[in-house]
Structures are given as structure tokens and as C-alpha cells.
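Heads up, the thing below is written out as C-alpha cells.
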Amino acid sequence: MATRKTVTEKPRAVKQPGADTLNFFEQVYAVARLIPKGRVTSYGAIGAALGAKSSARMVGWAMNDCRTARPKVPAHRVVNRVGMLSGKHHFEGPSEKEKLLVKEGVKVKNDQVVDFAKIFWDPSAELSFD
DNA sequence: CGCCTGACGAAAC
DNA sequence: GGTTTCGCCAGGC
């Protein structure tokens, strides 16, 4: 794949010292926003791409704050490692996440992404952090 | 200051 | 092979 993009989104610059977490948040958002339409990825995959492979929870936690992030982060394209729509309850509506995914061509059945492995988008494989 | 919780994940039982 | 526990790391109480 010669389409290795380079994420240079230097987030809003951490104006405050010791704002590593904020930087982490922005990195998560940056990756999430790069998820192609009709594709999905997992929290762990994003975390791994950022170097926090052992802290998938932090990714999800960061997503919790995505509601205040601008522009809006396509959190609906992020599911857990089995393709389940975890966290759909945190959206505007319990069916909002599924709704958005289906709208983009992603089949969802029983709160789970169909052909997850097929449409899975691995940030660490498609992106390059230089 | 310590304990519980949490949009996850993997190992142990 | 399904269920339970532990680890991550930060925030809330």
C-alpha cells in the first residue's frame, strides 16, 4: 500500500504543560477522523497505533470526550475488537451509532458489525507517524 | 488519600 | 470453550 498517510496533525497545541493526555485525546481524534467511510476500527487498534496498545480503555475514554471535540469525531466507526457496537448507548440515541454505520454501508446486526474483519481498518497499518 | 468505575483486551480458570 | 479476573491509566467520590 503506497497510500501510507502521514499524520502530522499537531493538535491544538497543548498550551499547558503536562497536557499529555490532551495530546493523546487529539491523537485519538485525529486517527478516528481518518477512518474511511464504510470502514471501522477498534479502540485497541487506535491505541496500538498511538503506542498505548495496553490501554485500549483510554482510547474509549478519550472518545467519551469526543462529544466536546470539534469537528465531530466519527466515533460510530470505532467499535471494540470483536466488532460490537460498544458504547452506542453514549450517543444521542441507542440506535444512533448503528444508524450512522448502516447509512455508510456498514451492515450491523444485533449490535455487531457484519464482516467486521473485512471492513476493519487498521490505523497502524495504513498510517505512519513520523 | 483510597476505592470504585469505565466506549477495552487478553490471559487465566 | 464459556466465564471470570486482571491489567491499563485516569477521573470521580
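Chain naming here is simple, since letters A, B, ... match the order of the sequence lines and numbering starts at 1 in each. Note: hydrogens, waters and symmetry copies are ignored here, and every other heavy atom, side chains too, is used. For clarity, every value in this text was computed on a predicted model and none was experimentally measured.
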Taking the C1' atom of each, how far is dA7(B) from dG2(C), in whole Å?
24 Å

Between dC8(B) (C1') and His90(A) (NE2): distance, integer Å:
12 Å

Integer-rounded Å distance: dC8(B) P and Phe116(A) CZ:
13 Å

Of the listed dG11(C), dC8(C), dA7(B), the closest approach to the Trp61(A) side chain comes from dG11(C)

Which whole-number value in Å describes the distance from Met58(A) CE to dG9(B) P?
12 Å

Considering all heavy atoms of both residues, which atom of Leu101(A) and which atom of His76(A) are nearest to each other, and what is their separation?
CD2-O, 3.1 Å

OP1 or OP2 of dC8(B) under 4.0 Å from side-chain N/O of Ser42(A)
no

In whole angstrom, what separates Asn80(A)'s CG from dA7(B)'s P?
11 Å

Would you say Trp61(A) and Phe24(A) make side-chain contact, with heavy atoms under 4.5 Å?
no

Counting side-chain heavy atoms from C-beta on, which of dA7(B), dA10(C), dC8(B) comes nearest to Arg57(A)?
dC8(B)

Between atom CZ in Arg77(A) and atom C1' in dA7(B), what is the gap in whole Å?
17 Å

Integer angstrom distance from the P of dG1(C) to that of dC8(B):
25 Å

Here the distance between atom C1' of dC8(B) and atom CZ of Phe120(A), to the nearest Å, is 13 Å

For Tyr29(A) against Ala69(A), the heavy-atom pair lying closest together:
CE1-CB, 3.7 Å

Span that lies between the P atom of dC8(C) and that of dC1(B), in whole angstrom:
22 Å

Whole-Å distance, Asp111(A) CG to dA7(B) C1', equals 13 Å

For the pair made of CZ in Arg67(A) and C1' in dG6(B), what is the distance, rounded to whole Å?
14 Å

Using a 4.0 Å heavy-atom cut-off across all strands, classify Asn64(A) as base, sugar-phosphate, or nothing.
base

Which atom pairs, donor and acceptor, lie under 3.5 Å between side-chain atoms of residues 35-52 of chain A and protein residues at least two apart or in another chain?
| unit_1 | atom_1 | unit_2 | atom_2 | d |
| --- | --- | --- | --- | --- |
| Thr41(A) | OG1 | Trp121(A) | O | 2.7 |
| Ser42(A) | OG | Ala45(A) | N | 3.1 |
| Tyr43(A) | OH | Val78(A) | O | 3.2 |
| Tyr43(A) | OH | Ser86(A) | O | 3.3 |

Considering residues at least two apart in sequence or located in another chain, which fulfil the ring-ring contact (aromatic ring centres under 6.0 Å, His included) criterion with Phe120(A)?
Phe116(A)

